[in-house]
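Before any comments, here is the structure.
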Amino acid sequence: MRVQTFIQTGRQQVATHARGVRVMLLTDQPEGSTGRRLQAYGSLVDPVDDLEDAVAAVLEDPLGYDLFVMDCDGFGGIPAAELAISSLISGGARMRIMLISSDFDVPAYPLGRRTAVCLPEDVEEESFRIGFDHVLRDRATLTLN
């Protein structure tokens, strides 16, 4: 048996997601670049500056958030992100996660549905948008008539 693999070298356009993505943003800089970027994409951003409050808000929200985004550096870095993620999982939250930290050297866009997109703190706009679209790639769009 012979197997052939084809590699496409041209860039494919990634579909951008609809406006109205509900985002829980854990940040110590509510007016910082992460919040501004998410709002520019048409997201409904709820910024919180306390890890326990953010996790509780996600777990208690009756509508459910589409995305949890954490600016890790203001809360203890990657160990705090691991704590937040484990708290969300143990509470039964099933959501998409983006982590932003100076501890990350390059963007990571994992394929697993239960894995977090990880972005460096100084990530360029294009890479941030790719991460946003990637983490929401399987989100169903809801239209109300």
Side-chain angles (χ1 to χ4, degrees), residues 5 7-145:
T5 303
I7 298 174
Q8 184 176 10
T9 57
R11 288 189 126 186
Q12 292 181 334
Q13 186 70 15
V14 175
T16 58
H17 292 278
R19 301 175 75 72
V21 173
R22 288 193 69 223
V23 179
M24 169 55 66
L25 172 59
L26 177 57
T27 183
D28 62 340
Q29 301 175 16
E31 303 299 323
S33 65
T34 301
R36 285 193 315 268
R37 286 173 172 172
L38 293 168
Q39 289 173 347
Y41 302 157
S43 299
L44 306 171
V45 181
D46 290 335
V48 176
D49 63 0
D50 181 80
L51 189 136
E52 290 179 13
D53 289 347
V55 170
V58 168
L59 295 177
E60 295 169 4
D61 186 80
L63 294 176
Y65 285 91
D66 297 304
L67 178 61
F68 177 78
V69 178
M70 180 175 177
D71 281 329
C72 303
D73 294 343
F75 301 95
I78 303 306
E82 291 171 346
L83 175 64
I85 291 170
S86 67
S87 297
L88 289 169
I89 291 171
S90 68
R94 299 179 57 88
M95 61 188 319
R96 297 148 193 93
I97 298 173
M98 278 178 62
L99 303 175
I100 300 157
S101 174
S102 60
D103 291 337
F104 300 127
D105 295 327
V106 295
Y109 311 113
L111 296 177
R113 291 183 184 203
R114 301 285 290 176
T115 56
V117 166
C118 301
L119 302 173
E121 181 183 30
D122 60 352
V123 69
E124 293 179 10
E125 177 63 34
E126 180 180 0
S127 295
F128 190 95
R129 183 60 196 229
I130 291 170
F132 179 79
D133 288 334
H134 181 78
V135 78
L136 294 169
R137 69 192 177 279
D138 63 345
R139 176 180 176 257
T141 302
L142 178 66
T143 305
L144 299 175
N145 292 325

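- Here Phe68 contributes atom CZ and Asp66 contributes atom CG; the two are 14.0 Å apart, rounded to the nearest 0.5 Å.
- Atom CD1 in Ile89 sits 11.5 Å away from atom CE in Met95 (nearest 0.5 Å).
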Inset, instruction - Report the C-alpha distance between Val21 and Arg96 in whole Å, list the side-chain angles of each, state the deciding distance to 0.1 Å, and finish with yes or no for side-chain contact (heavy atoms from CB on, under 4.5 Å). - result: CA-CA 11 Å; Val21 173; Arg96 297 148 193 93; over 6 Å; no
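- Annotation: side chain of Ile100 is in contact with side chain of Phe128 (closest heavy-atom distance under 4.5 Å).
- Side-chain contact check for Leu67 versus Val135: some heavy-atom pair is nearer than 4.5 Å.
- Within the 4.5 Å cutoff, side-chain heavy atoms of Asp46 are placed close to those of Arg22.
- Residues Gly77 and Asp103 come closest through the heavy atom pair CA-OD2, 4.2 Å.
- Two residues are said to be in side-chain contact when any heavy atoms from C-beta on lie closer than 4.5 Å; Met70 and Ile85 fail this criterion.
- Annotation: the span from Asp71 atom CG to Ser102 atom OG amounts to 10.5 Å, rounded to 0.5 Å.
- In this structure, CG on Asp73 lies 5.0 Å from CD on Glu121, to the nearest 0.5 angstrom.
- Counting heavy atoms from C-beta outward, Phe75 and Ser101 have side chains that stay 4.5 Å or more apart.
- Counting heavy atoms from C-beta outward, Phe132 and Val117 have side chains that stay 4.5 Å or more apart.
- The minimum heavy-atom distance linking Glu124 with Arg37 is given by the pair C-NH2, 3.9 Å.
- Side-chain atoms of Tyr65 and Leu25, non-hydrogen and from C-beta on, never get closer than 4.5 Å to each other.
- Taking 4.5 Å as the limit, some side-chain heavy atom of Leu111 sits within range of a side-chain heavy atom of His134.
- For Gln39, the CD atom counts as densely surrounded, since its 6.0 Å shell holds more than 12 non-hydrogen atoms of other residues, nucleotides or ligands.
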Inset, instruction - Show your reasoning for whether side-chain contact (heavy atoms from CB on, under 4.5 Å) applies to Leu119 and Tyr109. - result: CA-CA 9 Å; Leu119 302 173; Tyr109 311 113; 3.8 Å; yes
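- Enclosure of atom CG in Asp49 is not indicated, since only 12 or fewer non-hydrogen atoms of other residues, nucleotides or ligands lie within 6.0 angstrom.
- Considering CG of Leu59 and OG of Ser90, their distance stands at 7.5 Å, rounded to 0.5 Å.
- Counting heavy-atom neighbours within 6.0 Å of Glu31 CD, excluding the residue itself, gives a total of 12 or less.
- Interatomic distance, CG of Leu88 versus CG of Leu83, reported as 9.5 Å (0.5 Å rounding).
- The nearest pair of heavy atoms linking Ala54 to Leu26 is CB-CD1, 4.0 Å.
- Here the closest non-hydrogen pair linking Val58 and Ala93 is CG1-CB, 4.3 Å.
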Legend entry - side-chain contact (heavy atoms from CB on, under 4.5 Å) between Thr34 and Thr27, worked out: CA-CA 9 Å; Thr34 301; Thr27 183; 5.7 Å; no
